[in-house]
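Index from 1, following the sequence. Both ligands and their constituent atoms are indexed starting at 1 by order of listing.
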Amino acid sequence: MGKVFAFFEAKENELKKVSREVAYVADQLGDEIIGLMINASDSVVSAASQLGASRVVNLTLPEGCLYSSEAIVSALVRLADEEKPDYIVFGQTPIGRDISARLASVLGVGYLNDVINLRKEDGSFVFEKPLYAGKIIGVFSFSSPAPSVLTVRPNIFPVKQTEDRGARIDRAEIDTSLARAFVREILKKKEGMLDLKEADIVISGGRGLGEAKNFELLFDFAKSIGAAVGASRAVVDAGWIDHSHQVGQTGKTVNPSLYIACGISGAIQHLVGMRTSKCIVAVNNNPNAPIFKVADYGIVGDLFEVIPLLKEEILKLKSKA
Ligand SMILES: Cc1cc2nc3c(=O)[nH]c(=O)nc-3n(C[C@H](O)[C@H](O)[C@H](O)COP(=O)(O)OP(=O)(O)OC[C@H]3O[C@@H](n4cnc5c(N)ncnc54)[C@H](O)[C@@H]3O)c2cc1C
């Protein structure tokens, strides 16, 4: 067992759930974890230091620079040269994907993204990831020299339970002087929206909603039970909802505990983005809709009648819990 870098992310001063999953995977891969964070607050670094790491390095960007993959990667390369980790683990998030691929390329080492499982075979780790829109699962091992760089799909692995190994906390400034581009400002789109990829419940709508304004039904349902709203490409293409909500091959991949598909037929390009959800409920008025083949529970009916009833029943259950 060796050394593992675990890249932890935070949002709005809270450690992201995927960071705990990254910590879990790092713990499987090695016995010495070094947590890496970018511009994290003291409270987030403190939370990260409770994930079994022996050291947490908080890399800070100079004022005026909110993000620069180029500069961050240069800093990580230097840390990797010093510490010589065997693995570097990221979440399969926009930032994780951005940094990990560039880092593996600069280091000239093996890279595997979107890992959903790992195990030991003959003393070495093998990793599984979905291929061809989830139709098959590929089994991979690294043959390149260390470190091996990988990203793990969110909501698949268990979260690492709190474990205090007395992590040393270090802070190092990232040198951005050679960065050719960096982010100066981040403009928020909508307040209070749950992140589709991190939500525990996703309610998605498709062409069965009939028209754009009927998405209000789903937003209202989602708000009342703390869910995020997803969509099929058909309705995104029709301009009913923004592309940031699209689930599927050309949208986002989600793995919530509960995925409720409303008026979505279940085309393969949609399924690839949600079929690993833990429980799938489909509402469709066509009993032969392909979505029912992947659904754990299928409701054949008009979504305009079913959704209000579902909402009522879920709220009743929640009030009793
Ligand atoms: C390269 C490529 C990439 C793609 N990427 C994506 C992607 O990322 N994500 C994605 O979703 N699609 C993607 N698509 C499109 C995909 O093939 C489908 O066209 C799309 O998913 C269909 O969307 P839909 O299910 O909303 O619409 P439809 O297929 O039209 O289905 C609507 C469903 O609603 C049901 N319905 C109608 N009225 C009601 C009602 N009142 N109550 C209940 N049910 C009702 C119907 O029975 C039907 O099953 C991609 C296609 C291509 C070629």
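- For ligand 1, the 4.0 Å heavy-atom shell contains residues Gly206, Arg207, Gly208, Ser232, Arg233, Ala234, Gln246, Val247, Gly248, Gln249, Thr250, Gly251, Gly263, Ile264, Ser265, Ala267, Gln269, His270, Asn284, Asn285, Asn286, Gly301, Asp302, Leu303, Phe304.
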For this session: Starting from the C-alpha separation in whole Å, work towards a yes-or-no answer on salt bridge (charged side-chain N to carboxylate O under 4.0 Å, His left out) for Glu83 and Arg55.
Result: CA-CA 11 Å; Glu83 294 282 354; Arg55 184 181 172 203; 2.4 Å; yes
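- Summarising the geometry, atom CE belonging to Met37 is positioned 12.5 Å from atom OG1 belonging to Thr60; distances are rounded to the nearest 0.5 Å.
- Note on Asp200 versus Lys17: no salt bridge recorded, every NZ/NE/NH1/NH2 to OD/OE distance being 4.0 Å or above.
- Ring planes of His245 and Phe219: perpendicular class, angle over 60° (limits at 30 and 60°).
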Review item, side-chain donor-acceptor pairs of residues 26-34, under 3.5 Å, at least two apart:
unit_1, atom_1, unit_2, atom_2, d
Asp27, OD1, Arg165, NH2, 3.1
Asp27, OD2, Lys160, NZ, 3.4

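- Salt-bridge annotation for Glu21 and Arg153: absent, with no side-chain N of the basic residue lying under 4.0 Å from a carboxylate O of the acidic one.
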